[in-house]
Each structure stands twice: as C-alpha cells, then as structure tokens.
Amino acid sequence: MNSKLLLFDLDGTLLNSQKEISDYTFEALMRAREAGNIIGVSTSRSNPNLPSGIERLKPEVLITSGGALVIVNDECVGKYIFDEKETKDLIKTARLICGNEVEITIDTLTEHYWNYKIDPNVYDKEWHGTIWTDFSDFNNVCLKMCVEIFDDDKVEELIKALPDCDAIRFSDGFWYKFTRKNITKENAINLICDKLNIDVKDIYAFGDDYADIGMLKMAGKGIAMGNSIPELMAVADIVIGSNDEDGIGKFIDSFLKNSQ
C-alpha cells in the first residue's frame, strides 16, 4: 500500500452517521500517511460545507463540488464554473420546469446558497456555511447547482433542457447534481494524476453512492462501503464494513499490516 493515493468520498463513506470521522479511522489515516501514502477527499460538498474534521485531516488532495474544484497541496489545478448569465439561466430553467418553489442549492467559489424551507442546521450539526437566498437577484458564478425533484418526468425534462451539464442523483433523497458536462470526480482524478505524476492504478478510491461509480471503476482499487448502493457494490473490487463500523479504518490497518 506504499505510495498510494487514498481517495475518499465523505457522506456515507469517510463520515459516519454523525457526520464525523471516528477517532479510530482518523488514527488509521494518520498511520497510512506516515507510511508514505497520500490522503485525498472527493466529495459533492462545496468547500464552505466541508465538516470540521476535514480541516483536522489536512488532505493533500481535495475534490469538491462533484469535481468542479480540484486542489492539490493547496494549489488549484482545476476550476470549472458557470458564469453569471449561465448561473441565472440554470436557476431559471430549473424553476421553469420544476416550479418556482423548487429547492435549489448553488455552490460558488466561496459560498453555498440554498432557498431551503427547513434550516439544515436543525437536523445536521455539521451542516454549516449555508446562506439562505430566494435567488431572485442572484448574480454570481457557480461551480454546481443541485435541485430537489420528486417527479421522474421532471428530472428527465430538466436533464434534456440542460444538455451541457453532467447530472447525477444522490441516493439519500431526491437531489440531483448539475455541473458542466463531463466535470466529474473521474475528470478530477486525471488532473490529480498529472499533477502528482502518479498512475490511476496507484489510487485506492472509496465510495458509497452513484457519483462514486465512475471513480471506483477508474481507480486501481475501487472499494465500496458496506452501506453502499447495490450499483456501486457491483463495480467495486472490494466491499468493506460500513461507515458506522470503521470500515475504512479497519481496511487501512489490515493493508498496512500486510505490506510490512
């Protein structure tokens, strides 16, 4: 396992149900780093909404907003935005198809905006940094738009109306992510490999959801959590314990032991 990039999705993967990195798993990650491995995070969360445990982890690689922002050793190596007009058009199209009351989130380079009906801090103590807006006078570039859609027909209609976007659903609700076409975690991995001069075979990728399927298929080792969706387990090389069972920490310790 020496000189590997260990790349982790967050929610449902590196984070447990309390949205935390357990002490056991954190310590295992530190042992992996001491053994010469690189620690990376690959998430659909925006930078402002990263949980506090990530600052403590200090990952060398950071993929956020579903691949729209890529940072290696504090240097931005990939940034894929919609300009102000494109962002307005995204919001307008989502509302035209899904209704004016549809819930939308927008990731900018420095903020996370949401016209939420229920404050997310009420049910998630690690949800922070969100700014409420009704998007009526929104004038900013964005990295990613998410839309909550309960009607499958509306989903298909919106995807067709945004042909220049990459769309993926999150399995824990009815939210859909829209980034620029082909701007995914896989695209981000290519940038990282070029920057670090490593091969994809040297990546161990961990995930649990639809947005992780391409990442796991691409990596040298694709590792699914025990709580993953069946579609991800089907493409994974290995299935480990769940995010509430220290699946990652136990996996890392096992491989570190076997590599001695």
Side-chain angles (χ1 to χ4, degrees), residues 9-12 15 19 43-52 54-55 62-71 76 78-185 209-211:
D9 172 55
L10 288 182
D11 295 281
L15 303 180
K19 303 299 182 182
T43 179
S44 291
R45 287 194 186 217
S46 64
N47 277 27
N49 272 325
L50 294 176
S52 57
I54 301 308
E55 182 178 352
L62 190 59
I63 301 169
T64 57
S65 292
L69 189 63
V70 187
I71 298 171
C76 179
K79 180 174 63 177
Y80 303 94
I81 63 172
F82 298 97
D83 65 26
E84 290 91 340
K85 182 182 183 303
E86 290 172 320
T87 301
K88 285 179 179 290
D89 288 343
L90 287 174
I91 296 169
K92 180 180 178 180
T93 302
R95 284 181 157 168
L96 181 66
I97 292 172
C98 304
N100 287 329
E101 299 304 313
V102 66
E103 289 202 35
I104 296 170
T105 71
I106 293 288
D107 293 354
T108 70
L109 292 168
T110 57
E111 308 290 354
H112 179 77
Y113 294 88
W114 189 353
N115 62 337
Y116 56 76
K117 297 180 178 69
I118 301 175
D119 186 342
N121 289 290
V122 171
Y123 55 87
D124 186 348
K125 67 179 182 179
E126 276 291 348
W127 195 271
H128 55 86
T130 296
I131 299 173
W132 189 91
T133 179
D134 62 5
F135 293 114
S136 61
D137 190 28
F138 195 77
N139 188 35
N140 208 328
V141 302
C142 87
L143 295 161
K144 180 190 89 207
M145 174 178 75
C146 287
V147 186
E148 188 179 34
I149 316 172
F150 300 99
D151 185 328
D152 289 344
D153 291 336
K154 296 295 185 184
V155 172
E156 293 303 317
E157 187 177 353
L158 184 56
I159 290 173
K160 288 179 181 178
L162 299 173
D164 295 327
C165 291
D166 186 272
I168 295 178
R169 179 183 173 180
F170 301 114
S171 66
D172 60 349
F174 295 90
W175 286 91
Y176 294 80
K177 178 222 73 169
F178 293 86
T179 50
R180 283 204 172 278
K181 194 71 174 179
N182 299 320
I183 300 308
T184 61
K185 293 183 178 183
D209 209 346
Y210 293 112

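Note that the structure is predicted; figures quoted are calculated from it, not measured.
For NZ of Lys181, the number of neighbouring non-hydrogen atoms (other residues, nucleotides, ligands) closer than 6.0 Å is greater than 12. Within a 6.0 Å radius of NZ in Lys117, other residues, nucleotides and ligands contribute more than 12 heavy atoms.
Residue Phe82 comes nearest to Thr87 through the heavy atom pair O-OG1, 3.3 Å, listed as atom of the first residue, atom of the second, then distance. Here the closest non-hydrogen pair linking Ser65 and Ser46 is OG-CA, 3.8 Å. The minimum heavy-atom distance between Asn139 and Lys88, with the atom names listed, is OD1-CE, 3.8 Å. Scanning all heavy atoms of the two residues, the minimum distance from Val70 to Gly67 falls at CG2-O, 3.8 Å. Closest non-hydrogen pair, Ile106 versus Cys142, comes out as CG2-CB, 3.4 Å. Residues Ile91 and Met145 approach most closely at N-SD, 4.1 Å, considering heavy atoms.
Considering only heavy atoms from C-beta on, Leu90 stays 4.5 Å or farther from Val147 through its side chain. For the pair Phe174 and Ile149, the minimum side-chain heavy-atom distance is 4.5 Å or more. Proximity of Leu15 to Arg45: side-chain heavy atoms (C-beta onward) are separated by under 4.5 Å at one or more points. Looking at Leu109 and Lys79, their side chains come closer than 4.5 Å, going by heavy atoms from C-beta outward. You'll find the side chain of Ile104 reaches within 4.5 Å of the side chain of Arg95, heavy atoms only.
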- Task: Apply the test side-chain contact (heavy atoms from CB on, under 4.5 Å) to residues Leu143 and Thr179: give CA-CA distance (whole Å), side-chain angles for both, the deciding distance (0.1 Å), then the verdict.
- Result: CA-CA 7 Å; Leu143 295 161; Thr179 50; over 6 Å; no

- Mind running side-chain contact (heavy atoms from CB on, under 4.5 Å) on Leu158 and Phe178 for me, showing each step along the way? CA-CA 10 Å; Leu158 184 56; Phe178 293 86; 3.7 Å; yes

- Message: Does Glu111 form a side-chain contact (heavy atoms from CB on, under 4.5 Å) with Asn140? I'd like the steps, not just the answer.
- Response: CA-CA 10 Å; Glu111 308 290 354; Asn140 208 328; over 6 Å; no

- Message: Working note: Leu50 + Leu10, criterion side-chain contact (heavy atoms from CB on, under 4.5 Å); need CA distance, chi angles, decisive distance, verdict.
- Response: CA-CA 9 Å; Leu50 294 176; Leu10 288 182; 3.9 Å; yes

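For the atom pair Cys98 SG and Glu157 CD, the distance stands at 7.5 Å (nearest 0.5 Å). Here Lys92 contributes atom NZ and Ile97 contributes atom CD1; the two are 12.0 Å apart, rounded to the nearest 0.5 Å. Taking CG of Asp107 as the reference point, atom OH of Tyr113 lies at 11.0 Å (rounded to 0.5 Å).
Aromatic ring orientation, Trp114 versus Trp175: perpendicular (interplanar angle above 60°, classes split at 30° and 60°).
Electrostatic pairing of Glu86 and Arg180 counts as a salt bridge here, judged by a charged N lying under 4.0 Å from a carboxylate O.
Of the candidates Thr43, Asn49, Asn47, Thr64 forms a side chain to side chain donor-acceptor pair (under 3.5 Å) with just one, namely Asn47.
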In residues 163-172, what donor-acceptor pairs under 3.5 Å come from side-chain atoms, sequence neighbours left out?
residue: Asp166; atom: OD1; partner: Lys177; partner atom: NZ; Å: 3.3
residue: Arg169; atom: NE; partner: Gly173; partner atom: O; Å: 3.1
residue: Arg169; atom: NH2; partner: Gly173; partner atom: O; Å: 2.8
residue: Ser171; atom: OG; partner: Asp209; partner atom: OD1; Å: 2.9
residue: Ser171; atom: OG; partner: Asp209; partner atom: OD2; Å: 3.2

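Remark: side-chain polar atoms of Asn115 are paired, donor with acceptor, to backbone N or O of Val102 under 3.5 angstrom.
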